[in-house]
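Naming: A, B, ... by sequence-line order, numbering from 1 per chain. Worth knowing before you read on, the calculation uses all heavy atoms, side chains too, and leaves out hydrogens, waters and symmetry mates.
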Amino acid sequence: MQSSVRYIQQQFWHSAKAPHLTIRTTHKSLQAYKAHSHESLSIGAIVEGMTCLSYDAKQLKLSAGDIVLIPPNQVHACNPVAQHTRSYHMLYVDYDWCCLQLSKLHAKSVTQFDCNVEYLADAHATQPFFDALEALRTLASSSAIATMEQQIHALLQAYCVPQNTVEQTSSKKQQVQHIKQLLLADICHPPSLQQLATDLRLTPESIIRQFKRLEGITPNAYLHNKRIEKAKWLLANGLDIVATAHEVGYADQSQLHRAFVNYTAATPRQYQQQRSIFDNN
DNA sequence: AAGGCTGCTGGTTACGACAC
DNA sequence: GTGTCGTAACCAGCAGCCTT
């Protein structure tokens with residue numbers, strides 16, 4: 001039972017003084033993640049052990065001291081290597097805040113961006129980021145927030161490139177967009193795969209194939225991701241777990257719990273207990 | 001005692017192979 | 001690229017145990 005997620009030491013920090021930043025710290029975890037995405041920019045910092053990051057059919061092995069940048073909405077998974085535990089920090093940076101910083105940097109409106117680096121392994125380059133994270137976690141001062149923002153700024157400047165907002169509008173892409181709209185129209189009562197197939201005059205298998213080709217995950221996984229993202233917001237804003245489960249479309253708390261563990265490697269309770277970094281002082 | 005977490009089971013979804 | 005089919009994996013709902 002000690003290997004259960006509930007026994008993993010992990011904390012989430014958030015502060016009203018820096019609402020664009022959330023830190024997650026996980027110690028010695030073997031817990032795997034299913035493929036998922038975040039609307040925020042995710043910056044991972046490996047503290048101990050090794051982890052395997054999978055995305056775009058690539059697999060990267062990261063070790064202690066490495067930093068990885070995961071662009072917003074990039075489907076990815078991050079799992080242990082050879083059943084060895086790993087400890088890591090994840091810094092989630094609000095998407096709009098990143099766009100604002102990039103807009104200032106590039107002197108033009110930026111509404112989308114991508115990252116042109118897979119990971120940083122040079123200790124000389126990554127140590128200041130680790131130091132800033134540690135200062136933010138332990139000192140929790142306004143100057144620590146400013147230092148962290150400088151570090152993020154440097155990463156944005158060096159590795160994040162504004163994207164052209166002109167969307168491809170192939171019929172396939174439009175169809176997948178349509179499926180996403182149908183799935184999210186009523187997140188509590190989404191259409192079944194069979195209903196979607198009937199509506200779009202396709203087989204369920206074709207829908208899954210098309211969706212996965214363009215989105216990187218299956219329609220069901222996409223739906224779970226959106227539910228969990230909404231659940232995280234509701235939990236962080238004080239809604240209890242049972243109400244959150246119903247609010248995002250799960251029949252009961254146990255279903256939310258299971259999906260939450262699968263996609264975040266944390267329990268809803270652990271996430272709910274996230275506290276202000278200033279609560280410690 | 002209440003809320004949180006997990007095991008079990010039937011139904012649904014995802015996937016791979018193959019054919020066209 | 002799409003449809004069909006068999007199989008594997010996953011999910012929903014329920015029940016009951018564990019933790020606080």
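- Within the structure, salt bridge (charged side-chain N to carboxylate O under 4.0 Å, His left out) contacts touching residues 38-47 of chain A (residues at least two apart or in different chains) are A:Glu39-A:Lys226.
- Rounded to whole Å, atom P of B:dG3 lies 11 Å from atom CD1 of A:Ile241.
- A salt bridge does not link A:Arg86 with A:Glu48: every distance from a Lys NZ or Arg NE/NH1/NH2 to an Asp or Glu carboxylate oxygen is 4.0 Å or more.
- One interatomic measurement links the two molecules: CG of A:Leu235 to P of B:dG3, which rounds to 15 Å at whole-angstrom precision.
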Annotated protein contacts, base or backbone, on nucleotides 2-15 of chain C with a non-hydrogen cut-off under 4.0 Å, one of B, S, - each: SBBB----SSBBB-
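- In this entry the distance linking CD1 of A:Ile207 with P of B:dT12 reads 17 Å, nearest Å.
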Quick one: side chains of residues 148-155 of chain A, donor-acceptor pairs under 3.5 Å with protein atoms, not counting sequence neighbours, listed by atom name and distance.
from, atom 1, to, atom 2, distance (Å)
A:Glu149, OE2, A:His20, NE2, 2.8
A:His153, NE2, A:Gln101, OE1, 3.4

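- For A:His76 and A:His38, the gap between ring centers is short of 6.0 Å.
- The side chain of A:His257 places an N or O atom within less than 4.0 Å of a non-bridging phosphate oxygen (OP1 or OP2) of B:dC5.
- Taking atom NZ of residue A:Lys212 and atom P of nucleotide B:dA14, one finds them 9 Å apart after rounding to whole Å.
- A:Arg227 forms a cation-pi arrangement with A:Tyr250, by the criterion of a distance under 6.0 Å to the ring centre and an angle within 45° of the ring axis.
- Relative to the ring axis of A:Tyr119, A:Lys61 does not place its NZ or CZ within 45° and under 6.0 Å from the centre.
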